[in-house]
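Read the structure below first, then the notes.
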Amino acid sequence: MISIQGIKKSFGSLEVLKGIDLHIDKGEVVSIVGPSGAGKTTLLQIIGTLDKPDAGTVCVNGIDVSNLSKKKLSDFRNQHIGFVFQFHQLLPEFTAIENIMIPAYIAGVPQREAKQHAQELLEFMGLTDRASHKPNELSGGEKQRVAVARALINHPAVILADEPSGSLDSKNKEELHQLFFDLRDKFGQTFVIVTHDEQLANITDRTIHMRDGLLESPIETIDTIGTDTITPIEND
């Protein structure tokens, strides 16, 4: 599902990632933990094609994204990757269902089809009665569930989440954490989650520890890569 090899990234003279090799299987719920400055968010952004490494390769869902053009990368993100952020990033002028539908519109999905899928996701999230509410009319937990639904609208291969429960109270944290596993069980969804939340890290299928731009566990190496077929995509 996700295979990265030899990933390095520097910002000026600061070496943030120092050679990361990692494989994540389809359907895994994986947490990435470590102290501030370990490189967790940078690694997540590179997996999500929001940033490019200085060296190394990134393959997601069997596709080598390392050398794609900006247009190809944008299309790839829209079709294959869903994002969940700590502070929701919902557009305030749109309703819950409209926020969910936006990535589908970008992908060219017909309005009726996009709305039907968005309604199904709202029902799964227990938010059917909140469809017409704008973000300022939703609780923190409801906003994050809408954000998760938005991430799922285009049937992505993987959901990348950066501190998704960091702004929630204890009850909403527990509900959100359980939601990730419910989605994995229902849709076979893969989750990669950067978190400082020990409760969440302890219940994920696997916890990847980072420190000073490296993985601490010696078993997380490219040798664990399975039989994924890597498909190159030519640039425009």
Side-chain angles (χ1 to χ4, degrees), residues 1-2 26-30 44 47-50 60-61 63 73-193 195 200 203-204:
M1 170 56 66
I2 300 172
K26 178 176 173 57
E28 273 197 287
V29 180
V30 174
L44 197 74
I47 294 173
T49 75
L50 295 173
V60 180
N61 205 26
I63 297 173
L73 278 175
S74 178
D75 291 343
F76 180 85
R77 278 193 298 273
N78 179 255
Q79 296 167 16
H80 295 273
I81 301 175
F83 296 93
V84 181
F85 304 98
Q86 180 175 353
F87 295 107
H88 328 301
Q89 304 295 336
L90 300 178
L91 297 179
E93 64 270 31
F94 295 109
T95 65
I97 195 168
E98 289 168 345
N99 266 283
I100 294 168
M101 292 168 66
I102 287 171
Y105 286 150
I106 294 172
V109 177
Q111 181 176 1
R112 179 176 294 182
E113 181 182 340
K115 187 172 184 178
Q116 180 179 347
H117 189 206
Q119 289 171 331
E120 292 169 354
L121 288 169
L122 279 169
E123 182 178 0
F124 185 83
M125 302 291 172
L127 294 174
T128 301
D129 61 340
R130 311 298 277 172
S132 62
H133 288 65
K134 292 185 177 180
N136 64 357
E137 301 172 306
L138 303 174
S139 70
E142 289 170 340
K143 290 176 186 177
Q144 199 62 302
R145 284 176 173 263
V146 170
V148 173
R150 178 185 59 189
L152 289 164
I153 189 69
N154 285 341
H155 309 283
V158 61
I159 300 292
L160 303 179
D162 193 358
E163 298 288 359
S165 57
S167 63
L168 302 179
D169 60 31
S170 297
K171 180 178 182 296
N172 281 305
K173 279 185 181 183
E174 291 179 4
E175 292 178 353
L176 182 67
H177 297 167
Q178 184 58 51
L179 176 62
F180 293 151
F181 289 92
D182 292 343
L183 291 168
R184 189 269 301 276
D185 294 342
K186 184 174 179 63
F187 301 114
Q189 199 66 60
T190 305
F191 285 87
V192 183
I193 307 166
T195 185
L200 175 56
I203 63 174
T204 55

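Because only heavy atoms are used, hydrogens play no part in the values below, and waters and symmetry mates are left out as well, while side chains stay in.
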Nearest heavy atoms of [X] and [Y], plus distance in Å:
{"X": "A118", "Y": "I97", "answer": "CB-CG1, 3.7 Å"}
{"X": "L168", "Y": "G141", "answer": "CD2-N, 3.9 Å"}
{"X": "S165", "Y": "L200", "answer": "OG-CD2, 4.5 Å"}

How far does [atom1] of [X] sit from [atom2] of [Y], to the nearest 0.5 angstrom?
{"X": "H177", "Y": "T204", "atom1": "NE2", "atom2": "OG1", "answer": "10.0 Å"}
{"X": "R77", "Y": "N154", "atom1": "CZ", "atom2": "CG", "answer": "13.5 Å"}
{"X": "L121", "Y": "I100", "atom1": "CG", "atom2": "CD1", "answer": "6.5 Å"}
{"X": "Q116", "Y": "M101", "atom1": "CD", "atom2": "CE", "answer": "11.0 Å"}
{"X": "E98", "Y": "L91", "atom1": "CD", "atom2": "CG", "answer": "10.0 Å"}
{"X": "E120", "Y": "L152", "atom1": "CD", "atom2": "CG", "answer": "12.0 Å"}

Verify, without hydrogens or angle tests, whether [X] (side chain) and [Y] (backbone) share a donor-acceptor contact under 3.5 angstrom.
{"X": "Q119", "Y": "A114", "answer": "no"}
{"X": "N136", "Y": "P92", "answer": "no"}
{"X": "H80", "Y": "A157", "answer": "no"}
{"X": "T190", "Y": "G27", "answer": "yes"}
{"X": "Q189", "Y": "P156", "answer": "yes"}

*Stepwise, does the side chain to side chain contact (heavy atoms under 4.5 Å, CB included) test hold for L183 with V148?*
CA-CA 10 Å; L183 291 168; V148 173; 3.6 Å; yes
*Hey, are Q79 and D75 close enough side-chain-wise for a donor-acceptor pair under 3.5 Å?*
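No, no side-chain donor-acceptor pair sits under 3.5 Å.
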*So which of L90, I102, V84 actually passes side-chain contact (heavy atoms from CB on, under 4.5 Å) with R150?*
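Exactly one option meets the side-chain contact (heavy atoms from CB on, under 4.5 Å) with R150, and it is L90.
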Any side-chain heavy-atom pair of [X] and [Y] under 4.5 Å:
{"X": "I203", "Y": "V29", "value": "no"}
{"X": "N172", "Y": "Q144", "value": "no"}
{"X": "L50", "Y": "L160", "value": "no"}
{"X": "M1", "Y": "N61", "value": "yes"}
{"X": "K186", "Y": "F124", "value": "yes"}
{"X": "H88", "Y": "V146", "value": "no"}

*Flag yes if more than 12 heavy atoms outside E123 fall under 6.0 Å of its CD atom; otherwise flag no.*
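It does not: E123 CD has 12 such atoms or fewer within range.
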*asked:* Can you confirm whether Q111 is buried at CD, in the sense that more than 12 heavy atoms of other residues, nucleotides or ligands lie under 6.0 Å from that atom?
replied: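 Atom CD in Q111 is not crowded, with 12 or fewer foreign heavy atoms closer than 6.0 Å.
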*Taking only residues two or more places apart in sequence or in another chain, which ones pass side chain to side chain contact (heavy atoms under 4.5 Å, CB included) with E142?*
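Side chain to side chain contact (heavy atoms under 4.5 Å, CB included) check on E142 returns L127, R130, L138, S139.
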*asked:* Parallel, tilted or perpendicular: which one describes the rings of F191 and F180, with boundaries at 30° and 60°?
replied: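 Plane angle between 30° and 60°, so tilted.
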*asked:* Just to verify, which of Q178, K173, K171 counts as forming a side chain to side chain donor-acceptor pair (under 3.5 Å) with E175?
replied: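 So, applying the side chain to side chain donor-acceptor pair (under 3.5 Å) to E175 and each of Q178, K173, K171, only K171 qualifies.
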